[in-house]
Amino acid sequence: MLITIASGKGGTGKTTIAVNLALIIKEMLPVMLLDCDVEEPNAHLFLQPSFTQHRGVFTTVPKVDETKCDGCGRCSSFCAYGAIAIVEKQPIIFPELCHSCGGCSLVCPTEAITEIPRKIGSVETGAGKGIQITKGSLAIGSPLAPVVVNAVRDTAPANHRGRVVIIDASPGTSCSVVAAVQNTDFCLLVTEPTPFGLHDLALAVELATKLQLPYGVVINRSGLGDSGVYDYCSEARIPILMEIPFDTRYASCYAKGGLLVEAFPDLKEQFHNLWDRIRDRLASDKPPYAWG
Amino acid sequence: MQELLIISGKGGTGKTSITAGFAALARNIVIADCDVDAANLHMLLRPVTYHTEGFIGSQKAEIDPHKCTNCRTCEEHCRFDAIKILNAHSVVIAMACEGCGVCRLVCPEGAVTLEDHMSGHLFLSDTRYGPLVHARLGIAEENSGKLVAKVRENARLIAETQDSDYIIIDGPPGTGCPVISSSSGVDLALIVTEPTVAGLHDLKRVHRLIDHFAVPAMVCINKWDLDKEYAEEIETYCRHHKIELAGRIPFDRGVVSALAKGLPAVDYEIAGAPQLAGAGHAIQHVWQAVLHRLSSLSA
């Protein structure tokens, strides 16, 4: 089973939910956690894994053989991303803009273009607290987060029967979130009860609906804001699967990289209930994303 | 005219609340919301939009089923797995297509065309603090960096016409494509962090990014009193890396109350809420530190 933890707004507690839920499920089933927030991966700070494997994530970028290039400029006019410019009949490559489509080498009439690998990030795998974890990191200055997200997801076994794979996504609703969320079984949307939280939850709900994924909501820091998120969920018949009250003790535990389910027995029970509710939602024969 | 970027790496550290505070305190500014993926600034600035335009982020391939002979050459060459066989016909999966045009190039029947794809909207608005340029990227769309560039281009045009002193940019979280697009060529980046293990970790990554683009940086620690030990660790990191500390902002429930009323924390405080002695006041201090740095950078 693949469960994604997502949120429109950043900083609502995705990683907190991901690592603590993983620790609870681990008591019953093998768990793997994929940290797909490759721009700012944080799950390892809480699980403290020892990474045993490390590999680079690469894309391909063009390389021009200047002895063959006659400066015709067809590569530059073909490139939809502006990754090749011709200055004084010499091609200049901007590798960070390249999408690796391979079009430039296809249009080149003199076969002057080959493709070479370019490192855009890395993937590390290991285990911490009895949980297998994969961490993806986008190289600083590289824009291609979705490619690294896909590389992280590729480290999970294709057949995940009998195990639970938890995916920690990045905030937002754009292409890198889609890469993390698509083709999973359930989406937990983490929010906070503030107007910003509500606004961005609505975007996350739109995303889950567009991808036809069943979903439920977790409200973090409840008691801190207003009733907007509750009214929205009740009107749209979206189930609230858990609430974590705002408590400076929880905030301080999180700040130090602590684990809520280890420090607070009452929260441990709450996370157990959350897992039960997710399984109930998935076991029900209702069509996906219809809760009524 | 100078451009100030407010950025954080980690989400939810308070970028937007602080940006809105600056907007309320500053004079003669243009405001740009570059968090095009989950824009929130408008909720505090309550803009009146006078111009909306569609954003063509890319093109998408389309296959004419009458010309297609199902030779599957396009599918072979597509690196994005965007062409699939559906009911015995090659079709483009729009969400996967990146508009590169290779399929059109290789199609022997001329059955492929590339069509403009509208992936979001750009808005020009007025607020009580000055003009606001903001945008909304569609759900599950790409090319957020390009939309950010468009927001900044429009903000610069307005700033030049009105002879504004500053453009204040609310940046997106992370370090990826929209963040890179938000950072290029700004005069100063204020990194908003929080005193947590994740806040410090993400501060380091985003600072490396800012440094990579040779942009001067300052740091401000929001909710600093939630964990004074980590706040101290962040300050040590800043000293080691010679990053100027712009200030500390205390955790203050009033920021959320102000947000619920659609007001920046500084305005809420001015409106006279005695319980709010904290954040709004601190944001004023941070703004003064930022102004001071901006003026020394322009000297």
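Residue numbering restarts at 1 for every chain, and letters A, B, ... go by the order of the sequence lines. Atoms considered below: every heavy atom in the structure, side chains included; atoms not considered: hydrogens, waters and symmetry mates.
Both the backbone and the side chain of B:Leu209 have a heavy atom closer than 4.5 Å to some heavy atom of chain A. A:Pro146 does not touch chain B: none of its heavy atoms, backbone or side chain, sits under 4.5 Å away. For B:Glu194, the part sitting under 4.5 Å from any heavy atom of chain A is the side chain, from C-beta outward, and nothing else. Using a 4.5 Å cut-off between heavy atoms, B:Pro173 contacts chain A through both its backbone and its side chain. Interface remark: B:Leu259 contributes backbone and side-chain atoms alike to the contact with chain A (heavy atom separation under 4.5 Å). Only the side chain of A:Thr60 comes within less than 4.5 Å of a heavy atom of chain B; its backbone N, CA, C and O stay farther away. If you measure heavy-atom distances from A:Leu144 to chain B, you find no contacts under 4.5 Å at all. A:Lys256 touches chain B through backbone and side chain together, each having a heavy atom under 4.5 Å away. Proximity to chain A is limited to the side chain of B:Val106, based on heavy atoms less than 4.5 angstrom apart. Within the 4.5 angstrom heavy-atom criterion, no atom of B:His207 approaches chain A. For B:Arg136, the part sitting under 4.5 Å from any heavy atom of chain A is the side chain, from C-beta outward, and nothing else. With a threshold of 4.5 angstrom between heavy atoms, A:Ser142 approaches chain B through N, CA, C or O but not through any side-chain atom. Only the side chain of B:Asp227 has a heavy atom closer than 4.5 Å to any heavy atom of chain A. For chain B, no part of A:Val181 is nearby; none of its heavy atoms comes within less than 4.5 Å.
Contact tally against chain B (heavy-atom pairs below 4.5 Å) for A:Gly102, A:Gly8, A:Ala251, A:Gly225: the top residue is A:Gly102. Counting heavy-atom pairs under 4.5 Å between each of A:Pro195, A:Gly11, A:Ala80 and chain B puts A:Pro195 at the top. Of the listed residues (A:Pro41, A:Gly10, A:Cys101), the one with the most heavy-atom contacts under 4.5 Å to chain B is A:Cys101. Looking only at heavy-atom pairs under 4.5 Å with chain B, the residue among A:Leu224, A:Val177, A:Thr194 that has the most is A:Leu224. Chosen from B:Gly101, B:Cys78, B:Ser58, the residue pairing most often with chain A at heavy-atom distances under 4.5 Å is B:Gly101.
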Using the side-chain contact (heavy atoms from CB on, under 4.5 Å) rule, take A:Glu96 and B:Ile180 through it: C-alpha gap first, then chi angles, then the decisive distance, then the call.
CA-CA 11 Å; A:Glu96 65 282 1; B:Ile180 292 169; over 6 Å; no

Apply the test side-chain contact (heavy atoms from CB on, under 4.5 Å) to residues B:Arg79 and A:Thr59: give CA-CA distance (whole Å), side-chain angles for both, the deciding distance (0.1 Å), then the verdict.
CA-CA 11 Å; B:Arg79 300 254 177 109; A:Thr59 56; over 6 Å; no

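Ring orientation note: the planes of A:Phe246 and B:Phe251 are close to parallel, at an angle under 30° on the 30°/60° scale.
In this structure, the side chains of A:Glu192 and B:Val256 stay at 4.5 Å or more apart for every pair of heavy atoms.
A:Pro171 and B:Asp37 make their closest contact through O-OD2, 4.2 Å (heavy atoms, listed as atom of the first residue, atom of the second, distance). A pairwise comparison of heavy atoms in B:Glu142 and A:Cys175 identifies CB-SG, 3.7 Å as the closest pair. Residues A:Leu138 and B:Arg205 share a closest heavy-atom pair of O-NH2, 2.7 Å. Nearest heavy atoms, A:Glu40 versus B:Lys10: OE2-N, 4.1 Å. The shortest non-hydrogen separation linking B:Val197 to A:Tyr254 is CG1-O, 3.8 Å.
One N or O on the side chain of A:Glu39 and one on the backbone of B:Gly176 form a donor-acceptor pair closer than 3.5 Å.
Residue A:Lys119 places its NZ atom among more than 12 non-hydrogen atoms of other residues, nucleotides or ligands, all under 6.0 Å distant.
Atom CG of B:Asp81 and atom CG of A:Asn150 lie 10.0 Å apart (nearest 0.5 Å). The CD1 atom of A:Ile140 lies 12.5 Å from the NZ atom of B:Lys204; values are rounded to the nearest 0.5 Å. Here the CZ-CG distance, from A:Phe196 to B:Leu44, works out to 4.0 Å after rounding to the nearest 0.5 Å.
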